[in-house]
Amino acid sequence: MMPHCALNVCHVFMLVLCLSAAEDFDWTKNNHGSFYYGTFPAGFSWGAGSSAYQTEGAWDKDGKGLSIWDVFSHKKGKILKNDTGDSSCEGYYRVKDDVSLMKELRLNHYRFSISWPRLIPTGIKSDHINEKGIQYYDELIDHLLENKITPIVTLYHWDLPQVLQEKYGGWQNISMVNHFNEFANLCFERFGNRIKYWITFNNPWSVAVEGYETGEHAPGLRLRGAGAYKAAHHMIKAHAKVWHTYDTQWRGKQKGLVGISLSSDWGEPVDISNQKDIEAAERYVQFYLGWFATPIFHGDYPQVMKDFIGRKSVQQGLGTSRLPAFSPQEKSYIKGTCDFLGIGHFTTRYITQKNNPSGRSTSSYFADRDLAELVDPRWPDPGSEWLYSVPWGFRRLLNFVKTQYGNPVIYVTENGVSEKMLCTELCDDWRIQYYKDYINEMLKAIKDGVNVKGYTAWSLLDKFEWDEGYSERFGLYYVDFRNKNKPRYPKASVQFYKRIIMSNGFPNQREVENWRRKSVETCSSSNQLLAADPLTSHMEMVTEIVVPTVCTLSILLSAIFLMFLLRRRN
């Protein structure tokens with residue numbers, strides 16, 4: 001861990017990027033602690049998100065085919081506590097209930113993903129189309145629109161049909177481009193008359209690195225040094241093909257937009273006086289966000305990626321770079337295939353230069369970057385081990401996007417915080433603080449001139465969290481996974497986020513502090529009601545702010561057992 005004195009220097013000095021910084025954003029200014037009271041532009045869209053595998057359940061129902069996550073999660077030892085998404089939130093059966101939660105929250109939009117194997121069980125369109133899967137998404141879309149909630153649809157949120165993995169090797173194979181395009185075309189055909197916002201891929205970085213390099217995620221392959229780059233190459237081509245398909249065949253009559261959702265941390269140099277640290281911090285973001293955004297906006301990979309990976313490949317005795325190359329025709333085809341950019345962001349890292357060995361046995365995406373990631377031990381970290389609350393990094397990332405990619409239309413597609421503790425606390429004051437601070441940094445970015453049009457809280461519900469199973473909770477709504485009906489209960493953050501939406505921002509200090517106080521008070525009193533009358537409270541409707549925490553239930557059971565013993569003695 002880094003010494004406190006060095007970290008204090010980082011708080012005093014800020015990043016001066018080696019690129020043409022926007023005139024209206026001062027990269028050297030230190031205003032980490034300031035809060036800006038104001039409102040968002042008229043028409044700003046507020047939403048929440050989910051994904052198919054994480055929330056739907058019904059993994060083998062109504063003709064759905066196997067996904068790579070169905071298979072991966074069923075292998076012992078792959079997921080914490082051997083959890084699976086087999087039932088998850090049972091969202092497949094709870095469409096009306098969940099849309100009611102969204103309506104109560106006053107959402108303008110809801111982001112969800114379509115399960116490829118639920119529509120095309122083998123992933124190959126000519127084999128079979130599952131009409132029951134079509135019917136499920138029809139119902140969800142129609143119910144959202146009836147309640148004046150705009151659907152934002154992700155086509156790929158990691159659940160590749162297992163047949164395509166077994167038959168072709170998944171995203172290691174160029175054939176995925178055409179299969180994905182056929183799936184997307186089916187979605188445009190069946191749902192495009194009602195869907196105006198399409199996202200091709202969610203966080204392809206994670207698919208490539210964690211699916212094909214580290215093996216932490218499905219399909220669990222460890223193809224070190226080349227697997228991630230090859231998977232990413234094919235996903236970028238698939239994204240471009242789907243954009244062109246929509247542009248030539250559907251845009252004229254459906255009038256929709258097609259974008260991609262890219263996730264990235266912000267990287268801040270450890271020592272602003274050290275040019276190598278400054279370059280390493282930019283390299284961190286280029287290897288993360290730029291890997292996908294630069295081809296889509298400029299036609300090719302970031303030069304720093306081509307230089308570093310190419311040089312290390314030569315040092316390893318390879319004839320060509322491990323980073324694949326686009327042909328001139330491909331560069332032209334890929335460039336400009338983005339009607340809007342989705343940005344997923346959760347946290348920040350301090351970055352310093354570190355020279356990694358270049359041997360063939362040590363080749364990896366991480367070693368290629370020649371840098372080390374550090375965190376400030378004072379940063380709050382209530383949940384996931386990787387997720388520290390560093391709000392000021394959000395504004396800096398959004399300004400980086402503006403500067404690098406010509407100020408595109410941005411929708412924040414993922415932003416939120418988890419909790420990871422034995423006793424799940426539903427008075428989630430830390431989540432209120434996270435949303436308050438991060439949303440405010442986004443407001444500052446809009447004031448800087450960044451073209452942000454909407455924000456998606458991640459996530460609507462607690463859900464299956466990939467290799468962490470159900471040990472981490474991101475939801476605004478608590479889900480009781482032990483109950484077969486998977487009841488939902490609002491956390492305190494629901495009320496706070498709702499107030500932000502209704503006010504379209506932060507009107508003044510007194511009002512915002514009042515929101516927070518009332519949100520926490522309501523949650524606290526509800527827990528007292530639960531303790532006083534556990535059975536009745538536990539059976540309340542979803543809209544009640546009553547939460548069955550693990551701790552509370554343990555106390556109640558102990559109390560009941562004690563009462564039973566006292567009665568026997570009397």
Carefully, step by step, assess His109 and Thr456 under the rule side-chain hydrogen bond (donor to acceptor under 3.5 Å, both in side chains).
CA-CA 8 Å; His109 71 260; Thr456 308; 2.9 Å; yes
Taking the ring of [Y] and the ring of [X], is the distance between their centroids below 6.0 Å?
{"X": "Trp158", "Y": "His217", "answer": "yes"}
{"X": "His345", "Y": "Phe394", "answer": "yes"}
{"X": "Tyr284", "Y": "Trp266", "answer": "no"}
{"X": "Trp379", "Y": "Tyr350", "answer": "yes"}

Decide whether [X] and [Y] meet the rule of one side-chain donor and one side-chain acceptor closer than 3.5 Å.
{"X": "Tyr434", "Y": "Asn415", "value": "yes"}
{"X": "Ser87", "Y": "Lys484", "value": "no"}
{"X": "Thr413", "Y": "Ser261", "value": "yes"}
{"X": "Trp515", "Y": "Glu513", "value": "no"}
{"X": "Asp462", "Y": "Tyr470", "value": "no"}
{"X": "Gln433", "Y": "Asp437", "value": "yes"}
{"X": "Trp198", "Y": "Asp339", "value": "no"}

Expected output: side-chain [X] to main-chain [Y] donor-acceptor under 3.5 Å:
{"X": "Asp62", "Y": "Gly133", "result": "no"}
{"X": "Asn399", "Y": "Arg395", "result": "yes"}
{"X": "Asp480", "Y": "Arg482", "result": "yes"}
{"X": "Arg94", "Y": "Asn485", "result": "yes"}
{"X": "Ser113", "Y": "Ala52", "result": "yes"}
{"X": "Lys453", "Y": "Gly43", "result": "no"}
{"X": "Lys402", "Y": "Asp448", "result": "yes"}
{"X": "Asn108", "Y": "Trp46", "result": "yes"}
{"X": "Ser459", "Y": "Leu461", "result": "yes"}

Identify the heavy atoms of Cys187 and Ile114 that sit nearest to each other, and give their distance.
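Closest pair (atom of Cys187, atom of Ile114, distance): SG-CD1, 4.1 Å.
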So, is the end of the Lys61 side chain (NZ or CZ) under 6.0 Å from the ring centre of Tyr136 and within 45° of the ring's axis?
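No, Lys61 does not sit over the ring of Tyr136.
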Stacked cation flag Arg431 on Phe496, 6.0 angstrom / 45 deg:
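Verdict for Phe496: no cation-pi partner in Arg431.
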What do the steps show when you test Arg111 against Ser50 for side-chain hydrogen bond (donor to acceptor under 3.5 Å, both in side chains), and what is the final call?
CA-CA 6 Å; Arg111 182 189 170 209; Ser50 72; over 6 Å; no
Would [X] and [Y] pass as an ion pair if we require N to O under 4.0 Å?
{"X": "Glu56", "Y": "Lys463", "answer": "no"}
{"X": "Asp142", "Y": "Arg194", "answer": "yes"}
{"X": "Asp429", "Y": "Arg516", "answer": "yes"}
{"X": "Glu521", "Y": "Lys518", "answer": "no"}
{"X": "Lys64", "Y": "Asp70", "answer": "yes"}
{"X": "Asp83", "Y": "Lys81", "answer": "no"}
{"X": "Asp428", "Y": "Arg473", "answer": "no"}

Check the orientation of [X] and [Y]. Use parallel for under 30°, tilted for 30 to 60°, and perpendicular for over 60°.
{"X": "Tyr455", "Y": "Tyr435", "answer": "perpendicular"}
{"X": "Phe44", "Y": "Phe40", "answer": "tilted"}
{"X": "Tyr156", "Y": "Trp116", "answer": "perpendicular"}
{"X": "Phe464", "Y": "Trp69", "answer": "perpendicular"}

Quick one: list whatever passes side-chain hydrogen bond (donor to acceptor under 3.5 Å, both in side chains) with Asn82, sequence neighbours left out.
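With neighbours one apart ignored, the set is empty.
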Side chains of Ser67 and Tyr53 in contact at under 4.5 Å (non-hydrogen atoms):
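Ser67 vs Tyr53: side chains touch.
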For Ser384 and Ser418: C-alpha separation, side-chain torsions, deciding distance, then whether side-chain hydrogen bond (donor to acceptor under 3.5 Å, both in side chains) applies.
CA-CA 6 Å; Ser384 308; Ser418 60; 2.8 Å; yes
Going through the distances and angles, do Tyr37 and Phe506 end up as a ring-ring contact (aromatic ring centres under 6.0 Å, His included)?
CA-CA 5 Å; Tyr37 290 95; Phe506 307 97; 7.1 Å; no
